Structures are given as C-alpha cells and as structure tokens.
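What you are looking at is a predicted structure, and each value in this text was computed from that prediction instead of being measured.
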Amino acid sequence: LLGLEERVLFHCDPLAELRKVRRMLPWAQVIARVHDPAELDFALAHRPTFVQLDSAVLTSELRRRVAEAGVRVLVKTLDE
C-alpha cells in the first residue's frame, strides 16, 4: 500500500471479512468487530490488532482472553 502498511487500519465488520483480509494482506493491522462473545474465538484465531466490543458485552473474562492473545480491546461507547 505504497509504504503505508503501518498507517492503514482495516475495520472488519462483518467479521467474515477478517478471514479475507488476513488471506490477502497478512501484514495488515485489523480491527475485528465482535458483536457477540461467541464470535471471539474466530476473531482471535485470525490475529487482529484490536477486537472491538460494545461495553455491554465486555466482561473481565473476555478482556483476559483478548489480553492473553496479545490483542488490544477497542470499546464502543458513543451510542450509550
């Protein structure tokens, strides 16, 4: 991407886009939008840079699992 690899962030929503981005651009920095905690394992398996969760679903257990995977948490709060 013209030398912008470290400056471009891909937002994957729906989550199925994450698989495509990883296949085509394995170096890309990615936000995996997780709407349901049941989607977390899929997201983490594809090594996103961030996992975006709504604050209503974020628990200490989810936060722990994301941190153990070396992924950052992005919390959506503006709609509240």
Side-chain angles (χ1 to χ4, degrees):
L1 286 173
L2 307 172
L4 297 175
E5 291 85 359
E6 294 182 13
R7 297 176 185 250
V8 175
L9 189 59
F10 292 85
H11 189 262
C12 295
D13 186 12
L15 196 54
E17 291 176 0
L18 178 57
R19 183 181 303 149
K20 294 176 191 175
V21 171
R22 277 291 174 238
R23 188 171 39 242
M24 294 170 47
L25 306 167
W27 49 263
Q29 295 189 66
V30 178
I31 298 172
R33 178 66 169 104
V34 174
H35 294 276
D36 185 311
E39 299 173 325
L40 186 61
D41 288 334
F42 176 88
L44 294 178
H46 290 86
R47 306 169 329 276
T49 311
F50 295 89
V51 169
Q52 180 182 354
L53 297 158
D54 291 325
S55 60
V57 301
L58 182 61
T59 64
S60 58
E61 173 63 16
L62 290 179
R63 188 172 51 243
R64 181 193 61 76
R65 289 176 53 204
V66 172
E68 285 178 354
V71 176
R72 296 177 184 178
V73 175
L74 175 66
V75 178
K76 182 178 177 185
T77 60
L78 294 177
D79 289 344
E80 296 178 8

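Of all heavy-atom pairs between P48 and V51, the closest is CG-CG2, 3.9 Å. For L62 against L40, the heavy-atom pair with the smallest separation is CD2-CD2, 3.5 Å. Nearest heavy-atom pair across L15 and A32 is CD1-CB, 3.7 Å.
Under the side-chain hydrogen bond (donor to acceptor under 3.5 Å, both in side chains) criterion, E39 pairs with no residue at all, not counting sequence neighbours. For A45, the side chain to side chain contact (heavy atoms under 4.5 Å, CB included) criterion is met by no residue, not counting sequence neighbours.
The salt bridge (charged side-chain N to carboxylate O under 4.0 Å, His left out) pairs that include a residue from residues 15-34 are R33-D54, where partners are two or more places apart or lie in different chains. Annotation: salt bridge (charged side-chain N to carboxylate O under 4.0 Å, His left out) contacts involving residues 58-67, sequence neighbours excluded, comprise D41-R65, E61-R64, R64-E68. Listed by first and then second residue, the ring pair (Phe, Tyr, Trp, His ring centres under 6.0 Å) pairs involving residues 44-69 are F42-H46 (not counting sequence neighbours).
Separating the CG atom in D13 from the NE2 atom in H35 is a distance of 3.5 Å, to the nearest 0.5 Å.
Within the 3.5 Å criterion, the main-chain N or O of I31 finds no donor-acceptor partner in the side chain of T49.
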